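Computed from a predicted structure; not experimentally measured. Order of appearance sets the numbers: ligands from 1, and atoms from 1 within every ligand.
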Amino acid sequence: MAAMAVALRGLGGRFRWRTQAVAGGVRGAARGAAAGQRDYDLLVVGGGSGGLACAKEAAQLGRKVAVVDYVEPSPQGTRWGLGGTCVNVGCIPKKLMHQAALLGGLIQDAPNYGWEVAQPVPHDWRKMAEAVQNHVKSLNWGHRVQLQDRKVKYFNIKASFVDEHTVCGVAKGGKEILLSADHIIIATGGRPRYPTHIEGALEYGITSDDIFWLKESPGKTLVVGASYVALECAGFLTGIGLDTTIMMRSIPLRGFDQQMSSMVIEHMASHGTRFLRGCAPSRVRRLPDGQLQVTWEDRTTGKEDTGTFDTVLWAIAPRISACLPTTVGHAGKNQRRD
Ligand SMILES: Cc1cc2nc3c(=O)[nH]c(=O)nc-3n(C[C@H](O)[C@H](O)[C@H](O)COP(=O)(O)OP(=O)(O)OC[C@H]3O[C@@H](n4cnc5c(N)ncnc54)[C@H](O)[C@@H]3O)c2cc1C
């Protein structure tokens with residue numbers, strides 16, 4: 001987990017419960033947040049798995065805690081609620097879509113076990129996506145309730161540092177909020193990376209931040225990358241019957257046991273996922289019929305090739321660590337991140 005405790009040193013002291021509108025600029029307001037007058041014992045920036053667990057635990061230990069969480073919409077405009085990557089665009093929706101794929105496999109096997117299921121059984125992406133998205137929304141709500149129950153104050157603002165004990169952000173109505181705490185934890189996680197050097201990548205591609213929130217089936221999909229996110233997404237897309245190709249430049253699952261990685265690839269290939277190995281995309285263009293034409297270089301032969309897809313999903317590692325900007329000057333040690 002990318003959550004990083006930057007300044008969690010012996011929580012102490014009781015401070016007044018106070019949210020200030022920034023009057024006279026953040027510098028002036030920050031000067032007012034001296035030790036002993038701070039709003040919270042602990043402020044957690046990031047409401048993902050790491051941040052929420054940390055905030056709830058500290059509150060349980062009797063500390064005055066606040067969580068600040070804000071989701072920057074994906075370049076394609078996808079946005080989601082409280083709970084971070086795992087809940088909204090990671091583990092949870094992924095496992096539900098894998099479950100959909102596994103059920104499809106069982107239905108195919110069923111006639112061999114005496115079940116009279118007319119084949120083929122079509123899959124409805126819309127229905128699956130709606131159910132997955134509703135489940136995720138219920139988890140967003142559950143997280144809010146849990147924070148409330150533990151008296152952890154939640155702010156839906158994008159935080160930036162003013163100084164090492166103060167962050168500021170802008171609330172929905174445009175009002176600037178300044179929050180101070182004895183200790184601030186950065187738990188801002190990470191986001192998928194776009195290969196912006198590739199023409200059309202940002203304009204026409206999506207990432208794992210979008211795939212779970214698509215209302216319509218992605219159709220014939222090219223997944224670019226060999227990360228676990230790439231393989232997992234390609235796995236459930238293949239499993240629900242979509243024509244799915246993985247394009248990888250070098251080895252799959254770098255950093256994982258390579259014998260296991262090979263077995264994963266073999267298994268996926270035997271279940272219908274196509275692989276373009278040793279290939280690197282160079283261009284994505286939209287054709288008049290709406291399809292995406294991808295051009296790539298086969299690094300073994302040095303030749304250029306093209307293919308058409310409905311969706312291009314970038315899943316290249318490493319993900320980008322979310323940056324916590326500094327509003328005023330240098331924020332000191334709290335600015336560090338992994
Ligand atoms: C497709 C996919 C599948 C995965 N599957 C698994 C799995 O099966 N098992 C597993 O263990 N892990 C899985 N992971 C990884 C897991 O989701 C992450 O490791 C985990 O969510 C990281 O939690 P976190 O709290 O560090 O960060 P996040 O969950 O990313 O939370 C950080 C939060 O901080 C917010 N934020 C960032 N900057 C600011 C700011 N300046 N102000 C306010 N808020 C801010 C972000 O918007 C986000 O809501 C998966 C990831 C992906 C993408």
Side-chain angles (χ1 to χ4, degrees), residues 1-6 43-57 66-74 78-99 101 132 136 139-140 143-144 147 153-162 166-172 176-179 181 184-194 206-214 218 223 225-237 253 256 313-327 331 334-338:
M1 196 163 292
M4 188 178 73
V6 175
L43 180 69
V44 180
V45 182
S49 317
L52 290 178
C54 173
K56 286 189 274 187
E57 202 61 33
V67 168
V68 174
D69 187 66
Y70 175 82
V71 178
E72 199 71 63
S74 78
T78 309
R79 53 182 78 223
W80 52 89
L82 182 63
T85 303
C86 181
V87 167
N88 295 282
V89 287
C91 338
I92 304 286
K94 171 200 80 183
K95 285 186 172 88
L96 292 173
M97 292 200 178
H98 274 302
Q99 181 63 11
V132 169
V136 169
L139 296 179
N140 297 148
H143 280 303
R144 289 183 80 141
L147 290 183
K153 186 87 174 138
Y154 162 57
F155 294 93
N156 181 210
I157 55 173
K158 181 176 179 177
S160 55
F161 272 111
V162 176
T166 317
V167 300
C168 79
V170 180
K172 260 191 188 130
E176 265 198 322
I177 290 179
L178 196 71
L179 302 166
I184 298 178
I185 287 185
I186 303 173
T188 48
R191 297 293 289 266
R193 192 159 60 87
Y194 270 88
I206 64 167
T207 67
S208 57
D209 276 358
D210 306 294
I211 187 82
F212 306 109
W213 293 89
L214 294 180
V223 178
S227 62
Y228 77 89
V229 172
L231 300 192
E232 289 188 331
C233 289
F236 70 71
L237 292 174
L253 297 173
F256 288 77
L313 189 153
W314 304 106
I316 49 178
R319 288 161 61 85
I320 300 170
S321 293
C323 173
L324 192 56
T326 310
T327 305
N334 276 349
Q335 202 179 25
R336 279 173 39 210
R337 63 193 167 84
D338 61 359

Where ligand 1 meets K95 - atom numbers and elements under 4.0 angstrom, heavy-atom basis: 7 (C), 8 (O)

Would you sort out whether Y70 and V170 count as a side-chain contact (heavy atoms from CB on, under 4.5 Å), showing the intermediate values? CA-CA 10 Å; Y70 175 82; V170 180; over 6 Å; no

From atom 3 (C) of ligand 1, work out which of A187, C233, G90 has a heavy atom at the shortest distance. G90

Does the plane of the ring in H98 sit parallel, tilted or perpendicular to the ring in F236? Use 30° and 60° as the thresholds. perpendicular

Sequence-distant partners of D69, side chain to side chain donor-acceptor pair (under 3.5 Å), two or more places apart: none

Identified side chain to side chain contact (heavy atoms under 4.5 Å, CB included) partner of L179 from the options I157, V45, V162, I184: I157

Just to be sure I read this right, does ligand 1 sit under 4.0 Å from the backbone of L52, its side chain, both, or neither, counting only heavy atoms? neither

Should V136 and F212 be marked as a side-chain contact (heavy atoms from CB on, under 4.5 Å) after you check the CA-CA gap, both sets of side-chain angles, and the distance that decides it? CA-CA 10 Å; V136 169; F212 306 109; over 6 Å; no

Looking only at N/O atoms, are S49 and ligand 1 under 3.5 Å apart anywhere? yes

Show the atoms of ligand 1 that are less than 4.0 angstrom away from any heavy atom in G47. 33 (C), 34 (O)

Tell me if the CZ atom of R144 is crowded by more than 12 foreign heavy atoms within 6.0 Å. no

When every non-hydrogen atom of N140 is compared with those of G81, the smallest separation belongs to ND2-C, 3.6 Å

D69 N/O under 3.5 Å from ligand 1 N/O: yes

Ligand-residue contact atoms, ligand 1 with G84, heavy atoms, under 4.0 Å: 29 (O), 31 (O), 49 (O)

If hydrogens are left out, which of T85, I186, V229 has an atom nearest to atom 29 (O) of ligand 1, that is, the closest non-hydrogen atom? T85

Relative to ligand 1, is L82 under 4.0 angstrom through side chain, backbone, both or neither, heavy atoms considered? neither

Short N or O distance, A159 and ligand 1, threshold 3.5 Å exclusive: yes

What atoms of ligand 1 come closer than 4.0 angstrom to any heavy atom of V45? 40 (C), 42 (N), 43 (C)

Geometric N/O contact S208 with ligand 1, under 3.5 angstrom: no

Contacts of type side-chain contact (heavy atoms from CB on, under 4.5 Å), residue L253, not counting sequence neighbours: Y228, L231, F256, S261

Say whether R191, considering both its backbone and side-chain N or O atoms, lies within less than 3.5 Å of an N or O atom on ligand 1. no

Here the pair of heavy atoms bringing D209 nearest to S74 is CB-CB, 4.1 Å

Any non-hydrogen atom of E72 lying under 4.0 Å from ligand 1? no

Among I157, N88, V68, V89, whose heavy atom sits nearest atom 1 (C) of ligand 1? V89

Return the minimal non-hydrogen interatomic distance between V67 and G47, and the atom names on each side. CG1-CA, 4.0 Å

Which option, A53, G48, P93, owns the non-hydrogen atom nearest atom 31 (O) of ligand 1? G48

Residue pair L82, L147: steps toward the side-chain contact (heavy atoms from CB on, under 4.5 Å) verdict: CA-CA 11 Å; L82 182 63; L147 290 183; 3.8 Å; yes

Could you say whether the N/O atoms of G83 and ligand 1 ever approach to under 3.5 Å? no

Between ligand 1 and G50, is the shortest N or O to N or O distance under 3.5 Å? yes

Take C233 and M97 through the test side-chain contact (heavy atoms from CB on, under 4.5 Å) and record every step on the way to the result. CA-CA 9 Å; C233 289; M97 292 200 178; over 6 Å; no

Taking only non-hydrogen atoms of C86 and a 4.0 Å limit, the atoms of ligand 1 in range are 17 (O), 21 (O)

Minimum heavy-atom separation for S227 to A317, with atom names? CB-CB, 4.0 Å

Number the atoms of ligand 1 from 1 as they appear, then name those within less than 4.0 Å of a heavy atom of V71, with their elements. 47 (O)

Is it true that V87 lies under 4.0 Å from ligand 1, counting heavy atoms only? no

